[in-house]
Amino acid sequence: MLGELRLSADIIVVGSGPGGATVARELSKKGKQLLLLERGYDHRKRFYYGTYLGALLYSERMSLLFTEEGLNIIAPIMLGGATSMYCACASQPPAWLKHQYGVDTTAEVEEVIRELNVQPLPEPLLGEASTRIAQAGQALGYNWYAQPKFMDPARCAERFSCQASCMLGCRCGAKWNAAEWVDDALAHGARLRVGAKVRRVLIQDGQAVGVQGALGGRPFTANAETVILAAGGIGSPRILQNSGLNEAGVGMTMDTTAIVYGLSRHRGTGPEPPMTWSWEDPDGAYMLSTLTDPWLLYPTAAVRKGMGPTLQWFQWRRLLGVMIKLKDDISGGIYPDGRIRKPLTSDDSMRLNGAYEVCRKILVEAGAGKASIFMRPFIGTHPSGTVRIGDALDTNLKTEIEGLYVCDASVFPEALDRPTVLTIISLGKRLARHLLSR
Ligand SMILES: Cc1cc2nc3c(=O)[nH]c(=O)nc-3n(C[C@H](O)[C@H](O)[C@H](O)COP(=O)(O)OP(=O)(O)OC[C@H]3O[C@@H](n4cnc5c(N)ncnc54)[C@H](O)[C@@H]3O)c2cc1C
């Protein structure tokens, strides 16, 4: 049997999603000796990348991860984290992050927007049906806008034609993926171990001294004076709990998501890029965007709503979809025995009903048949708020342990109710600056 593997570095980063990739890139560019440990693998060049098979292979529990309440969580485990399967939407961090919690990322956000050329898709690519929905919303007094994107059709190797299957992984190359910033970090001397599942942080006298886990089944210990956990909203609290920090994972946010569908006589939103138009309701605290489940995934969700919604699968190309992202209250959490709970509070349910009624009006205005409208079962793509700023972390993302930081979606003090990645990257840049200034 192989013995324990021993590694060391100045700084260890655990997880290579937007949080981990950003902080790894920024620190290695400044000459820090950095070790990046990622549980998943790099699937970008594999034949199955961006296919239904791929999505099964690289999602935790083959996409069958559910909360006790039946909410389906999609948690990609791979180099680049969830940016491999995201819709590449970019939203500014909420103003409350600065005003209520003292975390100002203004300079970093501007830097990211410049660096990654964040902007809406060109008008001809916004999609005919998606634009029809946005115009219907505008006609009803809701100010829909073209959604800024981490997406550049000019980067496409082939045609910009992935449609809703964009969410299975980017085959055409238009989407920015955090794995690209891992590539940058490696070019600046960082070391990467894939297949490295970190189990716990090693702590001595209140100071982080490294991590322990398994690398392809072989136990390893990696030593460093600074450890940054970026294993995502589920992964980071699990590692902290295994390290004796039991307040991690108590309560979570999810931006609980639902899609409201209606059948129209014209082309639907499925054959178009996802989330090209959005609208935010500050009073109801939710966001709406144009979106349809990929073709083969649609019936797996619709079947839980009965025969009528399931049969609409045969008219998938004519379905109009509006996605609701709700700013849900902190509830449930990640439990040490492996369970995940995310119950909706009564206030969540009330606001969700309000959002559903708005979607219904918009879909009818956009030409959907009233009788065909239904809301699919809830889905969770933003597990977050499990190691919160102002609670388990200070404003520099440090835990109570010296040298131990968290930099991913778990740090959000409240649900964002909007795309998370721009906020996470900005926090990663801000943390790197803080560490370099010490
Ligand atoms: C289908 C889908 C669509 C989305 N669309 C958008 C969008 O359009 N815009 C947007 O802003 N956001 C979107 N999101 C959300 C966004 O992608 C995530 O919120 C974001 O990627 C979270 O970043 P993170 O750094 O917290 O963690 P993740 O991206 O989850 O990365 C965590 C990484 O840590 C690794 N890891 C986990 N446990 C361990 C361990 N024990 N040891 C080592 N490594 C570990 C994982 O493999 C993973 O690579 C979407 C998400 C999904 C699933």
Side-chain angles (χ1 to χ4, degrees), residues 12-24 36-43 55 58-60 63 65 72-93 118 147-151 164 166-169 175-179 181-182 193-201 211-215 222 228-240 242 253-255 257 273-276 278 287 289 291 293-294 297 323 325 379-387 406-412 416 418-425 427-428:
I12 290 172
V13 177
V14 179
S16 66
T22 303
V23 83
L36 179 56
L37 298 168
E38 166 55 50
R39 176 179 160 191
Y41 295 87
D42 188 354
H43 296 278
Y58 39 71
S59 298
E60 182 151 16
S63 296
L65 178 66
N72 182 202
I73 303 180
I74 306 297
I77 300 294
M78 62 194 299
L79 200 75
T83 56
S84 297
M85 294 179 74
Y86 76 156
C87 300
C89 295
S91 283
Q92 296 265 347
V118 173
Q147 174 67 54
K149 292 274 187 185
F150 295 103
M151 198 184 257
C166 167
M167 283 173 276
L168 306 174
K175 267 195 302 194
W176 175 80
N177 179 331
W181 280 11
V182 173
R193 293 294 181 128
V194 289
K197 184 173 180 183
V198 170
R199 189 178 141 64
R200 69 184 183 110
V201 180
V211 298
Q212 259 182 348
L215 214 165
I228 302 163
L229 298 184
I234 299 173
S236 289
R238 281 193 173 141
I239 296 170
L240 290 171
N242 292 336
T253 58
M254 186 67 83
D255 294 336
T257 297
M275 296 181 75
T276 55
S278 299
M287 176 176 171
S289 304
L291 184 93
D293 281 298
L297 298 185
M323 182 181 68
K325 255 188 206 322
I379 190 165
T381 53
H382 296 182
S384 45
T386 44
V387 192
V406 183
C407 184
D408 56 26
S410 33
V411 312
F412 300 159
L416 242 48
R418 67 190 65 196
T420 59
V421 169
L422 181 52
T423 303
I424 298 171
I425 300 177
L427 288 170

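The first residue in the sequence is number 1, and the count goes up from there. In each ligand, atom 1 is the first atom listed, and ligand 1 is the first ligand listed. All heavy atoms count here, side chains included; hydrogens, waters and symmetry mates do not.
In terms of modelled atom types and a separation under 3.5 Å, the side chain of Glu38 and the main chain of Gly195 share no donor-acceptor contact. Judged purely by atom type and a 3.5 angstrom limit, Ser410 has no side-chain atom pairing as donor or acceptor with the backbone of Gly385. In this structure, Ser278 contributes its side chain and Gln147 its backbone to no donor-acceptor pair below 3.5 Å. At distances below 3.5 Å, at least one donor-acceptor pair connects side-chain atoms of Asn242 with backbone N or O atoms of Arg199. Between the side chain of Asn72 and the main chain of Leu65, a donor-acceptor pair closer than 3.5 Å is present. At least one donor-acceptor pair under 3.5 Å links the side chain of Ser384 to the backbone N or O of His382. Counting only distance, with no hydrogens or angles, the side chain of Thr386 and the backbone of Gly233 share a donor-acceptor pair below 3.5 Å.
Looking at Thr381 next to ligand 1, no N or O pair under 3.5 Å apart turns up. Distances between N or O atoms of Val421 and those of ligand 1 include at least one value under 3.5 Å. Considering backbone and side-chain atoms together, Cys87 places an N or O closer than 3.5 Å to an N or O of ligand 1. In terms of polar-atom proximity, Ala88 is counted as a contact of ligand 1, with an N or O under 3.5 Å from an N or O of the ligand. In terms of N/O distances under 3.5 Å, ligand 1 is not approached by Cys407. Geometrically, ligand 1 and Ile77 share no nitrogen or oxygen pair separated by less than 3.5 Å. For a threshold of 3.5 Å applied to N or O pairs, the pair formed by Ile74 and ligand 1 contains no separation below that value.
The NZ atom of Lys325 sits 11.0 Å away from atom CE of Met254, with the distance rounded to the nearest 0.5 Å. How far CG of Leu37 is from CD1 of Ile12: 6.0 Å, rounded to the nearest 0.5 Å.
The heavy-atom pair separating Ile228 from Cys407 by the smallest distance is CG2-CB, 4.0 Å. The two residues Ser84 and Lys175 come nearest to each other via the heavy atoms O-NZ, 3.7 Å. Nearest heavy atom pair, residue Pro419 against residue Ser91, reads CD-OG, 3.2 Å. Of all non-hydrogen atoms in Ala164 and Pro294, the two that sit nearest each other are O-CG, 3.5 Å. In terms of heavy-atom proximity, Ser16 sits nearest to Ala21 at O-CB, 3.8 Å. What you find for Val421 and Tyr86 is that their closest heavy atoms are CG2-CD1, 3.7 Å.
Heavy-atom proximity to Val14, at under 4.0 Å, picks out these atoms of ligand 1: 42 (N), 43 (C). Close approach of ligand 1 to Ala409 (heavy-atom distance below 4.0 Å) involves ligand atoms 26 (O). Residue-ligand proximity, Pro419 to ligand 1, at heavy-atom distances under 4.0 Å covers atoms 9 (N), 10 (C), 11 (O). Under a 4.0 Å criterion applied to the non-hydrogen atoms of Lys197, ligand 1 contributes the atoms 41 (N), 42 (N). Near Met85, the atoms of ligand 1 lying under 4.0 angstrom from a non-hydrogen atom of the residue are 1 (C), 2 (C), 3 (C). Counting the atoms of ligand 1 from 1 in the order shown, those under 4.0 Å from a heavy atom of Gly17 are 25 (O), 29 (O), 31 (O), 33 (C). For ligand 1 and Gly81, the ligand atoms under 4.0 Å from any heavy atom of the residue are 29 (O), 31 (O), 48 (C), 49 (O).
A heavy-atom distance below 4.5 Å is found between the side chains of Leu168 and Leu297.
Taking atom 42 (N) of ligand 1 as the reference point, the nearest protein heavy-atom neighbour is Val198 N, 3.0 Å. Here the heavy atom of the protein found nearest to atom 24 (P) of ligand 1 is Asp408 CB, 3.8 Å. Of all protein heavy atoms, the one lying nearest to atom 44 (N) of ligand 1 is Arg39 N, 3.1 Å. Nearest non-hydrogen protein atom to atom 9 (N) of ligand 1 is Cys89 O, 2.9 Å. With respect to atom 46 (C) of ligand 1, the closest heavy atom belonging to the protein is Glu38 OE2, 3.5 Å. Of the protein's heavy atoms, Tyr86 CA, 3.3 Å lies nearest to atom 3 (C) of ligand 1. What sits closest to atom 27 (O) of ligand 1 on the protein, heavy atoms only, is Gly232 CA, 3.5 Å. Protein heavy atom in closest approach to atom 25 (O) of ligand 1: Gly19 N, 3.2 Å.
Proximity of Ala196 to ligand 1, defined as any heavy-atom pair under 4.0 Å, is confined to the backbone N, CA, C and O atoms. Proximity of Ala230 to ligand 1, defined as any heavy-atom pair under 4.0 Å, is confined to the backbone N, CA, C and O atoms. Only the backbone of Met78 comes within contact range of ligand 1, with a heavy atom under 4.0 Å; no side-chain atom does. At a heavy-atom cutoff of 4.0 Å, ligand 1 is contacted by the backbone of Leu37 but not by its side chain. Under 4.0 angstrom from ligand 1, the non-hydrogen atoms of Ile239 all belong to its side chain.
Of all the listed residues (Thr257, Val13, Thr420), Thr420 holds the heavy atom that lies closest to atom 18 (C) of ligand 1. With Gly235, Ala231, Ala82 as candidates, the residue nearest to atom 37 (C) of ligand 1 on a non-hydrogen basis is Ala231.
Residues that satisfy the ring pair (Phe, Tyr, Trp, His ring centres under 6.0 Å) test with Trp176, not counting sequence neighbours, are Phe150, Trp181.
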